[in-house]
Number of protein chains: 2
Amino acid sequence: MARPRNFDDDVVVERAMQAFWTLGYANTSPAALAEATGVGKGSLYNAFGSKRELFERALERYDRLGAEVTAELLARPGTTRECLRAFLYDSVKSDLAQPIRRGCLAVNTAVELAGHDPEIARAVRRGVDRTMAALEWRIAQGVRDGDVRPDLAPRATAEYVMNTLAGLRVMARTYDAATLFRIADTALAVLDSA
Amino acid sequence: MARPRNFDDDVVVERAMQAFWTLGYANTSPAALAEATGVGKGSLYNAFGSKRELFERALERYDRLGAEVTAELLARPGTTRECLRAFLYDSVKSDLAQPIRRGCLAVNTAVELAGHDPEIARAVRRGVDRTMAALEWRIAQGVRDGDVRPDLAPRATAEYVMNTLAGLRVMARTYDAATLFRIADTALAVLDSA
DNA sequence: CCAGTTTTAGACCTGTAGTTCAAGAAAGGT
DNA sequence: ACCTTTCTTGAACTACAGGTCTAAAACTGG
């Protein structure tokens with residue numbers, strides 16, 4: 001009945017996400033998006049409405065993929081501490097693996113846009129809350145299993161771990177691997193019974 | 001012998017700093033800088049060369065003022081933990097006091113520019129290192145005084161506290177005061193002997 | 001009070017961001 | 001084969017970013 005799209009939305013959103021992640025929102029021009037996605041500017045606007053809306057799609061995707069990775073890491077066998085360690089290490093490692101340090105899209109977005117765009121702020125918050133809920137759940141399990149100090153409140157501890165991750169994502173911009181891993185280890189020491 | 005400047009460089013840099021801090025580097029246009037400083041674009045370019053150079057001056061100033069505040073806080077009487085608590089609380093409070101959450105200029109800069117601009121990355125790093133050195137010094141003193149667990153390495157602990165601060169500066173974009181203070185407290189609990 | 005120098009305000013310039021639009025292309029229904 | 005609909009391509013458009021330039025203005029030593 002009509003001409004079909006000759007690209008896959010998911011693929012385009014994925015590529016746009018990579019571009020936004022690497023360059024930042026403001027520095028990713030429509031031309032850059034066209035280049036990165038292999039789709040003409042016109043088609044992008046036809047399909048997604050605006051740069052802003054495409055960004056929201058990209059952020060959503062990032063949150064969803066991140067939540068999947070987190071869930072997988074936290075569901076692995078091992079002590080709570082091992083799981084949280086894997087959680088922190090994993091993000092540091094994937095950061096360092098990139099040729100240019102791009103940090104975390106959620107953190108970048110919180111810093112670049114959350115202050116001036118309440119809707120984006122809510123989207124970021126939703127994603128972070130989701131990860132934090134997973135952490136809380138895993139920590140609560142650790143308390144039940146007895147491998148976490150029973151006096152730790154799962155909620156507060158989850159917030160704390162999340163905060164540590166946010167810090168690491170920023171520190172990864174300028175510090176080396178050894179420092180980052182050392183920070184992660186120091187942060188996790190709080191979980192140990194003394 | 002020649003017409004004198006009719007503005008004070010320091011005042012202009014201070015105001016430019018505020019603008020960059022609030023709006024971000026990319027979003028602060030020359031027009032916005034002229035507006036914020038009360039100095040015409042032409043004069044700004046004459047005095048500072050470029051937006052980029054003015055930003056470097058602003059960042060330098062931020063680092064210097066921050067270092068002064070940190071030094072003052074850490075030199076106050078009280079236990080190490082009280083000092084570090086004041087250090088973390090202070091930044092959270094000043095963040096929350098602003099009408100729009102603008103976080104920390106150094107963190108914002110690390111996120112927005114450090115990945116693509118090595119020189120800026122070095123400047124950020126210098127500032128952070130300075131603060132971290134002050135923390136290390138205070139923690140080492142705490143170890144000597146016996147109010148910090150002696151098994152804590154001052155350097156690693158300082159990095160850890162710095163990381164916690166970086167995290168808080170990001171989390172302050174989207175979370176409320178209660179959560180932020182709770183995170184700070186949890187983070188400081190690691191210092192206690194059990 | 002003039003000469004010489006530097007600053008100033010803002011007009012001006014070039015490039016690009018972000019978006020829209022017009023014209024044609026690829027379907028599917030009839 | 002034709003019509004309708006939706007997509008594509010790329011040119012076109014407006015606004016503003018970042019920076020330069022100019023003509024007047026403000027100082028000061030002589």
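Nothing here was measured: the structure is a model prediction, and the numbers come from that model.
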Reading DNA chain C from 5' to 3', where do the contacts with chain B start and stop? Cut-off is 4.0 Å to heavy atoms.
C:dG4 to C:dG10

Could you check how far CZ of B:F48 sits from C1' of D:dG19, rounded to whole Å?
16 Å

Short side-chain N/O contact to D:dA25 OP1/OP2 from B:R3, under 4.0 Å
no

Between A:T109 and A:E112, do the side chains contain an N or O donor and an N or O acceptor separated by less than 3.5 Å?
no

Do we see a donor-acceptor contact under 3.5 Å between the side chains of A:N108 and A:R173?
yes

Residues of residues 30-44 of chain B with any non-hydrogen atom less than 4.0 angstrom from an atom of DNA chain C: list those, numerically ordered, please.
B:G40, B:G42, B:S43

To the nearest Å, give me how far apart CZ (A:R5) and P (D:dT9) are.
13 Å

Atom pair OH (A:Y175) and CD1 (A:I183), whose distance is rounded to the nearest 0.5 Å
8.5 Å

Reckon B:F7 touches a base, only the sugar-phosphate, or nothing at all at heavy-atom distances under 4.0 Å?
sugar-phosphate

Does D:dT8 have its OP1 or OP2 closer than 4.0 Å to a side-chain nitrogen or oxygen of A:N6?
yes

Tell me if the CD atom of B:E35 is crowded by more than 12 foreign heavy atoms within 6.0 Å.
no

For residues B:Y160 and A:D185, is any side-chain donor paired with an opposing acceptor at under 3.5 Å?
no

Taken to the nearest whole Å, CG/B:L23 to P/D:dA17 is 11 Å

Ring-face cation contact, B:Y25 with B:K51, 6.0 Å cut, 45° max:
yes

Applying side chain to side chain contact (heavy atoms under 4.5 Å, CB included), can you list everything that pairs with A:C104, at least two apart in sequence or on another chain?
A:Y62, A:A106, A:V107, A:R169

Would you say the side-chain atoms of B:D147 and B:T79 include a donor-acceptor pair closer than 3.5 Å?
no

